[in-house]
Amino acid sequence: LTGKQGWKRLKPSLDVRLEVYEGPLDLLLHLIQTQEIDITDIPISLITEQYLEYLASMEEMNLEIGGEFIVMAATLLSIKARMLLPRPVFQEEAAAIDEDPREELVRLLVEYSKFRNAALQFDQVFKARGILAPRGGKPSIKVIYQLESQDPKNLRQAFREVLESAKTEEVYLPVDWDLSKRIEELMTLIESQGRFIFHKLLSPDRRLVIVSFLAILEILRRGLAHGEQNQAFGPITIDRKVGEAF
Amino acid sequence: LSSELVRSLQAILFAAANPMSSEELGKVLEISVERVAELLTELGLKMLNDEYCGIQLDESAGGYRLVTKPETGVYIEKVTQIIKPGSLSIAALETLAIIAYKQPITRAEIEAIRGVRVESPLNTLIERELIAEVGRKDAPGRPVLYATTDQFLSLFGLNSVQDLPPLEQYQE
């Protein structure tokens, strides 16, 4: 294999470019348009085959296939199956099933394609207009931190601000710092009170907070008590387990 | 005198941060709407043709405002936070187009048209203030309704969403 020509021969016969599609409708429209197929008369077998081939090549390249692509594959296969079914013999049945199985898909594709084209025009109009900034825009963050145009005083101030905002208190915790003792304490508390609210335990001593939290995790893990939090960031209630001895 | 009025008009538009309609301008200047229209045309041309002037008149979202000339954009984007042309993804543009034509619309309704989830483009558009929540639909779950903003109209040079070309035009 030499040069570009060698690479060309390696390409699969069907031109499967692994472009990123916005979704299954985008992919289907691409397949239909590149082959100049009439959207109202889609050769469903062919399109289904090409659609599945695309999904397979995505899988081959270890690309994640979104759930909506799979749902569409199922829809295509079901349409294909319905089109293969023999026509019903009885008149009344015929009336019920007579609609084209592709109808709903065509409606979706036509609707989506309008908005896709509109979106392209939005983009063009915006590009043609260019940047038209009114007064009172928010200052750009880039400018505030543009290093080369700042004098040393401003730089020092900016650096100080960053340091200040990033400041964290370091807490050193000796290994196994009284964890078992804290578990015992908390279990006694649960025993005597039946339940307590976790954040009531928190104290300004960060080491104690950490140990209490670890103790609670351990208690819950061992199943010694029951913890409940009804909403994100809401209070955590620790309950004695009902009907269980320990 | 025309020059005095044009000058005042420019000053008013400069001082008012938000777009002003010709009715509002007429009230301020104590002249007719027709006269305002004439003066606006004069001011617009003057600023456009003045090579030393970096500002132009823009009509959008039902009013008039002063904006920077597009050729100065490279510098403007360094000093203010603006939405750059071409910076909106296809997903965001498609979602925006659906909302523009179908507003007010719920997220589920947009997703039904696009065939994919739109949570992320919706958030981008809200962040850029091109769309906003305008209420809730009287339907199970009371889902949030979205509509375009004045910022959207300004960005695309529209006076109202009625100015959008008919959607059927985009049929292939």
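Side chains included, hydrogens not; waters and symmetry mates left out as well; all remaining heavy atoms used.
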Go through the atoms of A:Q124 and report whether side chain, backbone, both or neither lie under 4.5 Å from a heavy atom of chain B. neither

Less than 4.5 Å to any heavy atom of chain A: does that hold for the side chain of B:L66, its backbone, both, or neither? backbone

B:F14 six-ring centre to A:R135 NZ/CZ under 6.0 Å and within 45° of normal: yes

Which bit of B:R65 comes within less than 4.5 Å of chain A, counting heavy atoms only: side chain, backbone, both or neither? side chain

Ignoring hydrogens, what is the shortest heavy-atom contact between B:E94 and A:Y112? Give both atom names and the distance. OE2-OH, 2.8 Å

pair A:P24-B:V116: side-chain heavy atoms closer than 4.5 Å: yes

Qualifying side-chain hydrogen bond (donor to acceptor under 3.5 Å, both in side chains) pairs, either residue in residues 95-105 of chain B, two or more places apart: A:E111-B:K102, B:Q103-B:T148

Scan for side-chain hydrogen bond (donor to acceptor under 3.5 Å, both in side chains) pairs involving residues 38-49 of chain B, sequence neighbours excluded, and state none if there are none. B:S2-B:E42, B:R35-B:E38

Bottom line for B:S89: the part with an atom under 4.5 Å from chain A's heavy atoms is neither

Under 4.5 Å heavy-atom distance to chain A, tell me which part of B:P19 shows up: side chain, backbone, both or neither. neither

For atom CG of A:D41, decide whether the heavy atoms of other residues, nucleotides or ligands shown that lie under 6.0 angstrom number more than 12. yes

A:E68 versus B:R114: any side-chain heavy-atom pair under 4.5 Å? no

Turns out that what part of B:A112 lies under 4.5 Å from chain A's heavy atoms comes down to backbone

To the closest 0.5 Å, what do you measure between CG (B:L130) and CZ (A:F122)? 10.5 Å

Report which part of B:E71 has an atom under 4.5 Å of a heavy atom belonging to chain A: side chain, backbone, both, or neither. neither

B:F152 versus chain A, heavy atoms under 4.5 Å apart: side chain, backbone, both or neither? side chain

Please find out if less than 6.0 Å separates the ring center of B:Y170 from that of A:F115. no

Residues from residues 126-133 of chain A approaching chain B under 4.5 Å (heavy atoms): A:F126, A:K127, A:R129, A:G130, A:I131, A:L132, A:A133

Could you give the distance from CD1 (B:I113) to NZ (A:K114), rounded to the nearest 0.5 Å? 9.5 Å

Enclosure of A:E59 CD (heavy-atom neighbours >12, cutoff 6.0 Å): no

Between B:P165, B:A100, B:G115, the one whose heavy-atom pairs under 4.5 Å with chain A are most numerous: B:G115

side-chain contact (heavy atoms from CB on, under 4.5 Å) against A:D239, all qualifying residues, sequence neighbours excluded: A:R195, A:H226, A:T237

Could you check which of B:I90, B:L96, B:V74, B:I55 has the highest count of heavy-atom pairs closer than 4.5 Å to chain A? B:I90

Chain A contact via B:I83 - which portion, at a heavy-atom distance below 4.5 Å: both

Among B:A91, B:A97, B:G73, which has the most heavy-atom pairs under 4.5 Å with chain A? B:A97

